[in-house]
Engineer: 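This is the structure I want to talk about, given as structure tokens.
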Protein chains: 2
Amino acid sequence: MGRRTAELVLGAPDDALCCGVVTTAPLSESDAKRLAGILGALADPVRLRLLSIVAAQHEVCSCDLEAPLAKSQPTISHHTKVLAEAGLLVGEKRGRWVWWRIEPARLAEVRQALGA
Amino acid sequence: MGRRTAELVLGAPDDALCCGVVTTAPLSESDAKRLAGILGALADPVRLRLLSIVAAQHEVCSCDLEAPLAKSQPTISHHTKVLAEAGLLVGEKRGRWVWWRIEPARLAEVRQALGA
DNA sequence: CTTACGGATTGACATCCATCGATTGGTCGA
DNA sequence: TCGACCAATCGATGGATGTCAATCCGTAAG
């Protein structure tokens, strides 16, 4: 087999949040719930900084997040999981390491849902 | 005096969230905290639906939110306060009623902070 | 095989938060 | 002045959540 392990998509929700726009018409209860979930994933200082670090470097290993974020390894793992489940981050396991990268489309969806 | 009470701006933060963009460079700790605060105000199904209802009607009285949101009066009051403190909603007290309207600029700031 | 290392999971703990009943404060109509 | 109505505040409560130590699981190196 090749050197790199097969791509392991860690928590990739295929449900596109193609719901109504907040400023257009009243949101349905389910749409509001889904959008709130993704916004909840974003509403944390550590996760926002994590995202910005990954975005600035295109690809980042989990082990390289512990230091700049000044958080323990389980805490980093917890936050990456939350962001991945929200579809904002995608992780690829290569050997012992997991490399994370941003999902720009997901962020664009959130921006669109937030207004015109 | 006139018929309408003097404009009472209820919780209007003048601090512009002109911080870095998430996808551009690593966020500072303070910028991340401030942005997370506003996103936290948005990360609730009831508040998202509240926002969308106000946006759809340009101006809404608090008493007209209780029914469509199916929440008690103290709960509605709580949520409008949170949104107002985040700068997303502006309230004007006229007589016994409080009329709420959206602050589109604030929402635009959030969208911009969330990506290019 | 054994060791070392990166990462996920579990459990515990403290804190925050959404919700509502009860109360209080204003404002208008009778 | 009194009673009705709208809204804010207070206090309590149940649930969600960020954090870390301890542990477990895979993988690569020796």
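Below, chains carry the letters A, B, ... as their sequence lines are ordered, and counting in each starts from 1. The basis for the numbers below is simple: all heavy atoms, side chains too, and nothing from hydrogens, waters or symmetry mates.
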Engineer: List the steps and the verdict of side chain to side chain contact (heavy atoms under 4.5 Å, CB included) for A:Arg111 and B:Val110.
Structural biologist: CA-CA 8 Å; A:Arg111 287 200 309 270; B:Val110 175; over 6 Å; no

Engineer: With sequence neighbours excluded, what pairs up with A:Glu29 under the salt bridge (charged side-chain N to carboxylate O under 4.0 Å, His left out) test?
Structural biologist: B:Arg49

Engineer: Round to the nearest Å and state the distance from A:Trp97 atom CH2 to C:dA8 atom P.
Structural biologist: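 Interatomic distance, CH2 of A:Trp97 to P of C:dA8: 14 Å.
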
Engineer: List the residues meeting side chain to side chain contact (heavy atoms under 4.5 Å, CB included) with B:Trp99, not counting sequence neighbours, and say none if there are none.
Structural biologist: B:Glu59, B:Cys61, B:Arg94, B:Trp97

Engineer: Pull out every residue in residues 39-53 of chain B that has a heavy atom closer than 4.0 Å to any atom of DNA chain D, ordered by number, or say none.
Structural biologist: none

Engineer: Using the C1' atoms of the five pairs at each end, what is the angle between the end axes of the helix from C:dC1-D:dG30 to C:dT27-D:dA4, to 10°?
Structural biologist: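 End-to-end axis angle: 20°.
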
Engineer: What I'd like to find out is whether the side chain of A:Leu83 reaches to under 4.5 Å of the side chain of A:Leu50, using heavy atoms alone.
Structural biologist: yes

Engineer: For A:Ala56 and B:Thr24, which heavy atoms make the closest approach, and how far apart are they?
Structural biologist: CB-O, 4.3 Å

Engineer: What nucleotide among D:dA8, D:dT9, D:dA7 has an atom nearest to a side-chain atom of B:Lys81?
Structural biologist: D:dT9

Engineer: Calculate the interatomic distance between A:Glu92 atom CD and C:dG7 atom C1'; express it in whole Å.
Structural biologist: 16 Å

Engineer: Expressed as a whole number of angstroms, how long is the span from B:Glu85:CD to C:dA18:C1'?
Structural biologist: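 Spelled out: CD on B:Glu85 to C1' on C:dA18 is 15 Å.
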
Engineer: Between C:dC5 atom C1' and A:Arg94 atom CZ, what is the distance in whole Å?
Structural biologist: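 Taking CZ of A:Arg94 and C1' of C:dC5, I get 18 Å after rounding.
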
Engineer: Nearest to the side chain of A:Ser77 - D:dT9, D:dA7, C:dA8?
Structural biologist: C:dA8

Engineer: Give the intermediate values and the outcome of side chain to side chain contact (heavy atoms under 4.5 Å, CB included) for residues A:Asp44 and A:His79.
Structural biologist: CA-CA 9 Å; A:Asp44 180 276; A:His79 286 309; 3.9 Å; yes

Engineer: Restricting to side-chain hydrogen bond (donor to acceptor under 3.5 Å, both in side chains), what partner residues turn up for B:Ser77, sequence neighbours left out?
Structural biologist: none

Engineer: With sequence neighbours excluded, tell me which residues meet side-chain hydrogen bond (donor to acceptor under 3.5 Å, both in side chains) with A:Ser62.
Structural biologist: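 Checked A:Ser62 against side-chain hydrogen bond (donor to acceptor under 3.5 Å, both in side chains); matches are A:Trp100.
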
Engineer: Can you run down the salt bridge (Lys or Arg N to Asp or Glu O under 4.0 Å) pairs that involve residues 61-78 of chain B, sequence neighbours left out, and say none if there aren't any?
Structural biologist: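 Qualifying pairs, neighbours excluded: none.
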
Engineer: State whether the side chain of B:Thr23 and the backbone N or O of B:Gly115 hold a donor-acceptor pair below 3.5 Å, judged by distance alone.
Structural biologist: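 Looks like no, no N/O pair under 3.5 Å.
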
Engineer: Using whole Å, report how far CG of B:Asp64 lies from C1' of D:dC5.
Structural biologist: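 Atom CG in B:Asp64 sits about 13 Å away from atom C1' in D:dC5.
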
Engineer: Closest nucleotide of DNA chain D for B:Cys63 versus for A:His79: which of these residues is on the 5' side?
Structural biologist: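 It is B:Cys63 whose nearest nucleotide is closer to the 5' end.
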
Engineer: How close or far is atom P of D:dT17 from atom CG of A:Leu83, stated in whole angstroms?
Structural biologist: 14 Å

Engineer: Distances for protein N/O vs nucleotides 20-26 of chain C N/O pairs under 3.5 angstrom?
Structural biologist:
unit_1	atom_1	unit_2	atom_2	d
C:dC20	OP2	B:Ser72	N	3.1
C:dC20	OP2	B:Ser72	OG	3.1
C:dC20	OP2	B:Thr75	OG1	2.8

Engineer: Whole angstrom is fine here: how far is it from CG in B:Leu65 over to C1' in D:dA7?
Structural biologist: 12 Å

Engineer: For A:His78, answer base if it contacts any base atom (sugar-phosphate contacts may also be present), sugar-phosphate if it contacts only those atoms, and nothing otherwise; contact means non-hydrogen atoms under 4.0 Å.
Structural biologist: base

Engineer: Can you sort out the partners of A:Val82 under side chain to side chain contact (heavy atoms under 4.5 Å, CB included), two or more places apart, ordered by chain and number?
Structural biologist: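 If we apply the side chain to side chain contact (heavy atoms under 4.5 Å, CB included) test to A:Val82, skipping adjacent residues, the hits are A:Ala41, A:Arg47, A:His78.
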
Engineer: Taking atom C1' of C:dA18 as reference, at what distance in whole Å does atom CD of B:Glu66 sit?
Structural biologist: 16 Å

Engineer: Step by step, work out the side chain to side chain contact (heavy atoms under 4.5 Å, CB included) result for B:Leu35 and B:Val22.
Structural biologist: CA-CA 10 Å; B:Leu35 181 54; B:Val22 175; 4.0 Å; yes

